[in-house]
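Quick note: numbers below take in every heavy atom, side chains included, and nothing from hydrogens, waters or symmetry partners. Small disclaimer: the values here were computed from a predicted structure and weren't measured.
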Amino acid sequence: MTAEVTAEIRTAHILDLAGEGKRLDGRGPDEYRHIEVEPGFVTTADGSALVRIGDTAVLAGVKLELGKPFPDTPNAGVLTTNAELIPLSSPVFEPGPPQPGAIEVSRVVDRAIRAAEAIDLTRLCVTPGEKTWVCYVDLHVLDHSGNLIDAAMLAGVSALAHATVPAKRFGVAEADYPLDLQHVPVECTFVRLGDALVVDPTFSEEQAAQGRVTIATDETGRVVAMQKGLVGAFSPDDVREMVRRALVHGDRMRIAARGGTT
Amino acid sequence: MTAEVTAEIRTAHILDLAGEGKRLDGRGPDEYRHIEVEPGFVTTADGSALVRIGDTAVLAGVKLELGKPFPDTPNAGVLTTNAELIPLSSPVFEPGPPQPGAIEVSRVVDRAIRAAEAIDLTRLCVTPGEKTWVCYVDLHVLDHSGNLIDAAMLAGVSALAHATVPAKRFGVAEADYPLDLQHVPVECTFVRLGDALVVDPTFSEEQAAQGRVTIATDETGRVVAMQKGLVGAFSPDDVREMVRRALVHGDRMRIAARGGTT
Amino acid sequence: MTAEVTAEIRTAHILDLAGEGKRLDGRGPDEYRHIEVEPGFVTTADGSALVRIGDTAVLAGVKLELGKPFPDTPNAGVLTTNAELIPLSSPVFEPGPPQPGAIEVSRVVDRAIRAAEAIDLTRLCVTPGEKTWVCYVDLHVLDHSGNLIDAAMLAGVSALAHATVPAKRFGVAEADYPLDLQHVPVECTFVRLGDALVVDPTFSEEQAAQGRVTIATDETGRVVAMQKGLVGAFSPDDVREMVRRALVHGDRMRIAARGGTT
Amino acid sequence: MGSVGAKEVPVLLSPEGLRIDGRRLDELRPLRIQAGPLHQADGSAFVEWGANKVMAAVYGPREVHPRHLQQNNKAIIQCKYNMAAFSVDERKRPGLDRRSQEISKVIAEAFESVVFAEEFPRTSIDVYIEVLQANAGTRCAGVVAASVALADAGIPMVDLVPSVAVGKIAGQIALDLKKEEDNFGEADLPMALVPQSGRLVLMQMEGHMTPEELSRALDLGVVGCKSIYEKMKQALRDRYTVDAVAPGAA
Amino acid sequence: MGSVGAKEVPVLLSPEGLRIDGRRLDELRPLRIQAGPLHQADGSAFVEWGANKVMAAVYGPREVHPRHLQQNNKAIIQCKYNMAAFSVDERKRPGLDRRSQEISKVIAEAFESVVFAEEFPRTSIDVYIEVLQANAGTRCAGVVAASVALADAGIPMVDLVPSVAVGKIAGQIALDLKKEEDNFGEADLPMALVPQSGRLVLMQMEGHMTPEELSRALDLGVVGCKSIYEKMKQALRDRYTVDAVAPGAA
Amino acid sequence: MGSVGAKEVPVLLSPEGLRIDGRRLDELRPLRIQAGPLHQADGSAFVEWGANKVMAAVYGPREVHPRHLQQNNKAIIQCKYNMAAFSVDERKRPGLDRRSQEISKVIAEAFESVVFAEEFPRTSIDVYIEVLQANAGTRCAGVVAASVALADAGIPMVDLVPSVAVGKIAGQIALDLKKEEDNFGEADLPMALVPQSGRLVLMQMEGHMTPEELSRALDLGVVGCKSIYEKMKQALRDRYTVDAVAPGAA
C-alpha cells in the first residue's frame with residue numbers, strides 16, 4: 001500500500017470521525033493539546049523558549065544587535081522574524097532556501113507581533129536616524145506534528161517575554177535590561193473537517209483539512225491578525241465563531257507564554 | 001500533431017514565403033509593424049513608457065535614486081539597465097533568475113544608451129566621488145510577439161525622454177527638473193530568412209531565423225551599437241545593407257520615442 | 001562496457017598492484033610525482049604561481065585590497081582563500097556554485113596558511129579597527145589529474161611567497177613592498193589502497209582509495225593541519241607513519257615553492 | 001500599519017465623514033477591468049483600480065515544470081505575484097521577496113478552492129500577476145485580474161472570485177483602502193469571495209479590531225465583492241462584443 | 001586559533017594544572033545523551049555536552065532526492081550540519097556557509113565508513129544535525145548525536161562512532177576543549193573512532209603540534225572516545241527502558 | 001568606452017601614426033596558440049595574445065545535463081566564458097556575472113553556426129573558456145582558443161573560427177585593441193569569421209562609427225581574421241609534431 005493510499009484512507013477516516021464530533025487522538029473539536037513552555041532554553045540567545053504543543057516542538061531564539069533604522073521610520077527599531085522549517089523536523093521539509101510554507105509561518109507570526117505592538121519599537125531606537133536595536137526572532141522548528149503557526153507564535157512571544165537587551169555588552173548603557181513586552185499576541189488555528197471547525201490540528205488533520213484559519217488575539221480581547229490558508233472556504237459566520245473560540249484559547253496560551261505548562 | 005511538428009511546418013512555410021519576398025503577416029521584407037508609444041503610463045516611476053510594436057508590448061520605468069559614484073569614475077552618474085522577461089509575457093519564459101535571453105536584451109539596450117551618450121552621465125553627479133544620481137531603467141516585457149530588443153530599447157529611451165529628476169523629493173535642489181536626453185538611440189533588428197534580410201521579425205520569424213542582427217543608430221546618423229544573435233552567419237555586405245536600412249527605420253522610431261504613433 | 005564497469009575494473013587492478021607494492025604509473029608507494037612551479041604566471045595578480053604535479057595543474061593568484069578589519073580582531077589583516085574547481089579541469093566538475101569538494105580544498109589550504117602563520121596578519125593592518133589589507137588567495141584548478149589539495153596548497157603558498165603589497169597604487173606608502181612569508185606550510189596527501197598508504201595519488205587512485213589523509217607541515221617540522229577525507233578509516237599508527245613521511249616530502253615541496261622544479 | 005515611528009500622520013476622515021479622496025466609508029475606488037489584452041497568454045486581464053495597475057495572464061492547462069510537482073489526479077495551480085521595480089515609490093529590487101511569495105501562496109490556494117482541477121490531471125494552470133503601479137490593495141486587484149484571466153482562458157470554475165480589502169481608519173470600518181489609509185489606518189482585511197456560496201477563499205488581516213468591528217468588516221466586504229463581481233462579468237461580456245485592445249488603450 | 005590580533009588572552013591553565021572550568025587535562029565536560037526525543041524522524045538523539053546543545057535526526061533509508069544522486073549498488077549517506085541563528089554569540093545568518101558544508105562532508109564520509117550501505121541500494125539515509133547552542137566541539141557532539149540517531153533509526157552499522165576533540169593549550173595536550181580553549185589554544189584535533197577496530201573515520205587538525213605531541217593527542221583522543229562510547233550505549237539502553245521524552249525534559 | 005568621467009585620457013596615436021605599444025593601425029598583437037595542453041579535457045587550447053592569457057577546454061559529445069535541455073535531432077552547444085578572480089586589475093568576485101553570461105551566449109551561437117551538431121543527437125558539446133589574464137579582446141581570444149580546442153577534440157565543423165576586434169581610436173580604424181585603447185577609444189567591434197564562406201558568426205559593437213567607418217572596420221577585421229586563421233592551423237599541425245606541453249611551458 002503506497003503512502004498516498006494510506007494518506008487517503010486516513011483522511012477519509014478523519015472526516016468520518018469529524019462528522020460525529022470526534023478526532024483521531026480522542027480530543028473534542030474545541031480541545032487544545034497539552035502546552036509546555038521552557039524559557040531560557042538557549043543561553044547564547046538574548047531570549048529563548050522551547051515550546052511543545054503535543055508532539056510539536058518549536059525553539060525560538062531572540063538576538064539583539066545594533067544597526068541603522070529604516071530611512072522612513074527613523075525613530076523606530078527594526079524587528080525581523082524568520083522561520084526555519086528544517087528537514088530535521090519532518091519528512092515533508094526539504095533542504096534549501098525557505099519554502100512558501102516557512103515564509104508563511106514567519107510572516108504570520110511577524111504580523112501578529114507587529115500589529116499587537118507587542119514590542120514598543122520606538123523604545124528600541126538608540127539615536128534617531130542613526131542607531132537602533134535590531135531584534136531578530138528566529139523560529140527553529142524541531143518536531144512538526146501539526147499546527148506550526150501557533151507553536152511558532154507562542155515560542156516567539158515567550159522568547160521575547162524573557163529577552164534581555166544586551167546594552168552593556170554593546171556599550172550603550174551601564175547595564176543590560178529586560179526587553180519590555182507591552183502586549184502578548186498569540187495565534188489560534190482551526191481547520192475545517194467537513195462541517196466541523198476543529199482547533200489545534202495535528203499533522204494528519206492538516207493533511208485532511210478543507211481550509212485553515214489562524215486568528216491572532218491579544219490580552220485586551222482584540223483581533224490583531226488573521227490568515228486563511230490551504231484549499232477551502234469559510235463563511236463569515238464561520239469566521240465569527242472561530243474568533244469567539246480563539247479568544248478563549250488565547251487566554252490560556254498567554255498564561256503559558258510566561259513560562260509553564262497548561 | 002505536436003508543438004514541435006507545428007513549429008517545423010510553420011518555419012518551412014515562413015522560409016518559402018521569404019524566398020518570394022513575402023511574409024506570413026503580409027508585410028514586405030523592409031516593412032516595420034505599427035509602433036505605439038504611451039509615455040507616463042506608470043506614475044510611480046520617475047519616467048515611463050508603454051511601447052507596442054504590433055502585438056509586442058514592453059513597459060519601461062525609470063527610477064532615480066541617490067548613491068555613490070564608482071571609484072574609477074568619480075564625476076559620473078550611474079546607469080543600470082535591467083530587463084525582466086517575465087513568464088506572463090510568453091509561454092517560452094520561465095520563472096527564476098534572468099535567463100541569458102533577458103540578460104542579452106538588457107545589455108544590448110544598455111550599450112546603446114551608453115555608447116550614444118543618450119544621457120550626459122557627468123550631469124547626474126551631485127558631489128564628485130561622494131553622491132550621484134543612480135538611474136535605473138527597468139524593462140518589463142508584457143507581450144512577447146517578437147523583436148523584443150527594438151521594443152525594449154524604444155520603451156527605455158522614451159521613458160528616459162519623459163523622465164524627471166526628483167531633486168526636490170531627495171532634498172538636493174529646490175525643484176524637480178527634466179532629465180536631459182542629449183542623443184536618441186534606437187535599435188533596428190533584422191533576421192535572415194534564407195537569402196532575405198527582413199526587418200522587425202515576429203516571434204514565428206525569430207523561430208525560423210538563420211541569424212539575427214540588431215543595429216543601434218542615433219539621430220546624427222552614427223551606428224552606436226550592434227549585436228549579432230542566434231545561430232546563423234552574415235557577410236560584411238549583409239551588414240552594410242542592414243546598417244543602411246536601420247538608419248531609415250531609426251528616424252521613424254525616433255519620432256515615436258517622443259510619444260505617439262507611427 | 002559502461003564507464004562504471006571500466007572504473008570498477010581499474011579500481012580492482014589498482015588495489016591488486018598496491019598489494020604488491022606497485023602503482024599504475026610505475027611509482028613506488030612513497031614516490032611523489034614531478035613538481036614544477038612557475039611563479040609570476042599572471043601579471044594582473046599581485047602574486048601568482050602555476051603549479052604542476054604530474055598532469056595536475058593549479059594556478060593561484062593573490063590579490064591585495066584595502067578593507068576593514070573584523071570587529072573582533074581589529075589589529076589583524078583579513079585572509080580569504082577560495083578554490084574554483086571549474087568544469088574546464090575535469091569531467092567530474094559541474095558548473096554552478098562551489099561544490100563540497102571545492103569548499104574542502106579551499107578550507108584545508110586556508111587552515112594550513114593560517115595555522116602555520118605563513119603571513120603575519122598583524123603586519124597587514126594599516127590602521128587598527130579601520131583599515132587593513134584584505135589578502136585574497138584564489139586557487140584556479142586547470143587540470144585535475146589527482147591530488148588537488150597538495151597542488152592547490154603549493155600554488156597558494158608560492159603565489160604568496162612571490163606577492164607584492166600594492167601599497168603605492170593604493171596610496172598608503174611611497175613604494176610597493178614584498179609580502180613577507182614567515183612560514184612555508186605545504187600539504188602532503190596519502191590514500192589507503194588496501195594495506196598500503198601511498199603518497200600523491202592520481203585521479204584513478206583517488207577513485208580506488210579507501211580513505212585519504214592530508215598532513216600540512218611547516219619548515220620547523222611542526223604539523224599545522226590535517227584532514228581525513230573520503231570513505232575509509234586509519235589507525236593512529238597509520239597517522240603517525242604518514243606524519244613521518246609528510247615531513248620528508250614537505251621539505252622537497254618547500255624548495256619547489258620558491259620557484260623551480262623538483 | 002507599517003508606520004511605527006514615522007514622521008507625520010495625515011487626517012484620514014473629515015468631520016463630514018469623507019475620506020482623503022472624498023469617498024464615503026462604503027465606497028469603492030474607480031475600477032476598470034479589461035479582459036484579454038495580451039496575445040501570447042491563454043487568458044489575460046488588465047485591472048485599473050484607483051491608482052493600481054495590475055496585469056494578469058493565465059497559461060494552461062499545460063505540462064508541469066518542474067515535473068516532480070505533477071499530480072496524477074488533478075491539475076496544480078501555480079501562482080506568481082510580482083511587483084515591477086518601478087511600481088512603488090522606492091524602487092523595488094527585481095526578484096521574489098518574502099511578501100510576494102506569501103501572497104502568491106494564498107492566491108494559489110484561493111483559486112484551487114474554485115477551479116475544477118480534477119478535470120485536467122497531470123497538468124499545471126499557471127497564473128501570473130504583475131503589479132505595474134501599486135497603491136494599496138494590489139493583492140485584491142491581482143485576484144480580480146487573475147480571476148477574469150482564468151475565465152478568459154476558459155478554465156472551468158465554480159464561479160468568478162471578486163476580492164476587496166476592508167479596513168479600519170480613524171476608528172471606522174471602511175471599504176477599499178488606498179495607500180495613505182493603509183499606511184496610517186488601524187487595520188486592513190483583504191478578502192476574496194465565491195459569490196455563489198458566500199464563502200471566503202482568501203482572508204488575511206493585520207491591525208487591531210474588536211470582534212464586533214471585525215464582524216461588520218466582513219459584512220461590508222461581502223457587499224463590496226458583490227459590486228466588483230458585476231464589473232467582472234461585464235468585462236467578460238465586453239471581451240466578445242468589442243475587439244480586444246491592449247492595456248491602457250481606453 | 002581564529003584569534004590573531006584579538007584583544008585579550010585568558011590564562012588557560014592554572015599553576016595547579018587545572019583548566020578554566022576546573023577540569024584536569026584529560027577530563028571530559030559533562031555529557032548527557034538522550035535517544036529518540038523527536039516524533040517525526042525515523043531516529044533521533046539530543047546531546048548536551050558542556051554548553052553545547054545539539055539535536056540530530058535520521059530519515060531513511062528513503063527515496064533519493066535529487067534522483068540523479070541515486071546509486072544502484074548502495075544507499076547514499078547525506079548529511080546536513082547546520083547552526084541555528086541564535087546558537088552563537090553573534091547571530092549567524094541562516095543558510096549554509098562554507099564551514100557547515102565542509103563539516104557536513106567529513107561527517108557524511110565518516111558514517112559511510114561504518115554503515116552497511118549496500119543493504120539498501122537506490123536509497124538515501126539522511127542525517128540532520130542542528131546545533132542549537134554552541135561552545136566548541138559541535139562537530140564531535142554532532143557525530144555522537146547522529147550516531148545514536150542512526151542506531152535509534154535501526155540503520156545497521158559496524159559500530160557506534162564516538163567522537164571528541166583533543167587540543168593543545170598552554171603547551172599541554174588537553175581533552176575536549178571548550179570555547180575559550182579553542183579560541184586561544186595552540187591546536188585543535190577533532191576525531192571520531194570506530195571502537196571495534198580502533199580506527200579513525202573522522203580526523204581534522206588545525207594549529208601546531210610536534211609529531212610527538214600529535215602522537216600523544218591521538219592516544220588521549222582514543223581514551224576519551226572509549227568513555228563517550230559507554231555513554232552512547234547507555235543512552236540507547238535507556239531509550240527502551242523509559243518513555244522517550246522531548247529535548248530539555250530532564 | 002566605459003570611462004565617462006574618468007580622470008585622465010592617454011594619447012592613443014602618435015603623430016607618426018603609431019599606437020601606444022608601437023603598433024601600426026592594422027597590426028595584431030603577438031599571438032601564440034598551443035593546442036592540447038590539458039590532460040582531462042577531450043580537447044584544449046591555450047592562447048597568449050598580447051597580455052591576454054586564455055585557456056579553453058572542450059568536453060563531448062557527452063550526456064546532457066540538465067536532461068531537459070536534450071534535443072532529439074542534434075547536439076546542443078553549451079559555452080561558459082569565465083574570468084578568473086585575479087585576471088583583472090580589481091579582483092573580480094567569482095561567479096557568473098551578466099557580462100560573462102552574454103558573452104557565453106553569443107559564443108555558443110557562433111559555434112552552433114559551424115559545428116555539424118546533427119551528427120550527435122541527444123548530446124552536449126561543452127566549451128569552457130577561462131580568462132586567466134585579461135587585456136581587452138578576451139572574447140576574441142576565447143573564440144580562437146575554443147575553436148582550436150573543438151578541433152583538438154575532433155568535433156566536426158565547417159571550418160575553424162578566427163576572431164578579432166576592430167576599433168576606432170583617435171578617429172582612426174584600428175585592429176586588435178589593447179586595454180587602454182579599448183577604455184579610451186571611440187568604438188570596439190569584436191567579430192568572428194568563417195574563412196570558407198567569409199561570413200560573420202559573431203559580431204558585437206559599441207561606441208560610435210559612421211556607416212563608412214564601420215564598413216572599413218569590417219574589411220580590416222576580415223584581413224585580421226585571415227592572419228589569425230593561419231596561426232590556428234599551424235597550432236593544430238604542431239600538436240601532432242611535438243609533444244603536447246602544459247600551459248606556459250614555452
Side-chain angles (χ1 to χ4, degrees), chain B residues 4 69-77 79 82 98-104 106-108 110-112 114-117 120-122 124-125 128 132 183 210-213 215-218 220-240 243-244 246-247, chain F residues 1-7 71-73 77 79 89-90 96-106 108-115 117 158 161 183 186-194 197-215 217-219 221-222:
Chain B
E4 283 77 18
F70 289 118
D72 52 338
T73 53
N75 303 310
L79 175 75
N82 183 55
Q99 297 299 303
I103 290 168
E104 188 182 27
S106 63
R107 286 187 55 87
V108 170
D110 186 81
R111 273 205 291 275
R114 221 174 272 279
E117 294 170 325
D120 183 351
L121 286 180
T122 59
L124 290 184
C125 185
T132 184
H183 290 292
Q210 295 146 335
R212 186 195 72 213
V213 167
I215 294 162
T217 58
D218 72 6
T220 69
R222 298 181 305 180
V223 177
V224 294
M226 297 199 298
Q227 178 89 340
K228 184 252 155 183
L230 304 184
V231 177
F234 296 86
S235 70
D237 282 342
D238 289 340
V239 177
R240 284 184 263 263
V243 165
R244 200 167 53 242
L247 283 161
Chain F
M1 268 128 307
S3 303
V4 174
K7 285 176 229 166
Q71 301 230 341
N72 285 319
N73 54 347
I77 315 270
C79 177
D89 280 343
E90 196 182 342
L96 278 186
D97 57 10
R98 296 156 67 99
R99 176 180 170 277
S100 296
Q101 288 185 73
E102 188 202 358
I103 292 177
S104 298
K105 180 177 190 285
V106 295
E109 289 167 344
F111 285 120
E112 268 194 81
S113 307
V114 294
V115 165
V158 172
V161 183
N183 286 350
E186 293 112 71
D188 185 37
L189 190 167
M191 56 192 263
L193 192 75
V194 185
S197 68
R199 284 187 165 187
L200 303 162
V201 288
L202 181 147
M203 180 181 68
Q204 298 184 288
M205 185 262 185
E206 182 180 10
H208 39 82
M209 285 183 175
T210 64
E212 197 278 330
E213 287 167 340
L214 196 149
S215 178
L218 289 168
D219 292 338
V222 170

Going by atom types alone, do R240(B) and S215(F) pair a side-chain donor with an acceptor below 3.5 Å? yes
Q227(B) versus E102(F), side-chain donor and acceptor atoms under 3.5 Å:
yes
Going by an N to O cut-off under 4.0 Å, is there a salt bridge joining R212(B) and E109(F)?
no
Are [X] and [Y] packed together at the side-chain level, in the sense that at least one heavy-atom pair is separated by less than 4.5 angstrom?
X       : Y       : result
V239(B) : L200(F) : yes
M203(F) : M226(B) : yes
V106(F) : K228(B) : no
R99(F)  : R107(B) : yes
M191(F) : P236(B) : no

Quick check on [X] against chain B: is it the side chain, the backbone, both or neither that has a heavy atom closer than 4.5 Å?
X       : answer
V201(F) : both
L189(F) : side chain
V222(F) : side chain

Taking every heavy atom of S235(B) against every heavy atom of R199(F), the minimum-distance pair comes out as N-CG, 3.9 Å
Of Q101(F), E213(F), Q204(F), the largest count of non-hydrogen pairs under 4.5 angstrom with chain B goes to Q204(F)
Please look at [X] and chain F and tell me whether the side chain, the backbone, both or neither of the residue comes under 4.5 angstrom of a heavy atom of that chain.
X       : result
D110(B) : neither
I215(B) : neither
V243(B) : side chain

Rounded to the nearest 0.5 Å, what separation is found between the [atom1] atom of [X] and the [atom2] atom of [Y]?
X       : Y       : atom1 : atom2 : result
E90(F)  : D72(B)  : CD    : CG    : 7.0 Å
R111(B) : E206(F) : CZ    : CD    : 6.0 Å
S113(F) : F234(B) : OG    : CZ    : 9.0 Å

Of the listed A115(B), P128(B), G221(B), the one with the largest count of heavy-atom pairs under 4.5 Å with chain F is A115(B)
Sequence neighbours excluded, the answer for salt bridge (Lys or Arg N to Asp or Glu O under 4.0 Å) partners of R98(F) is none
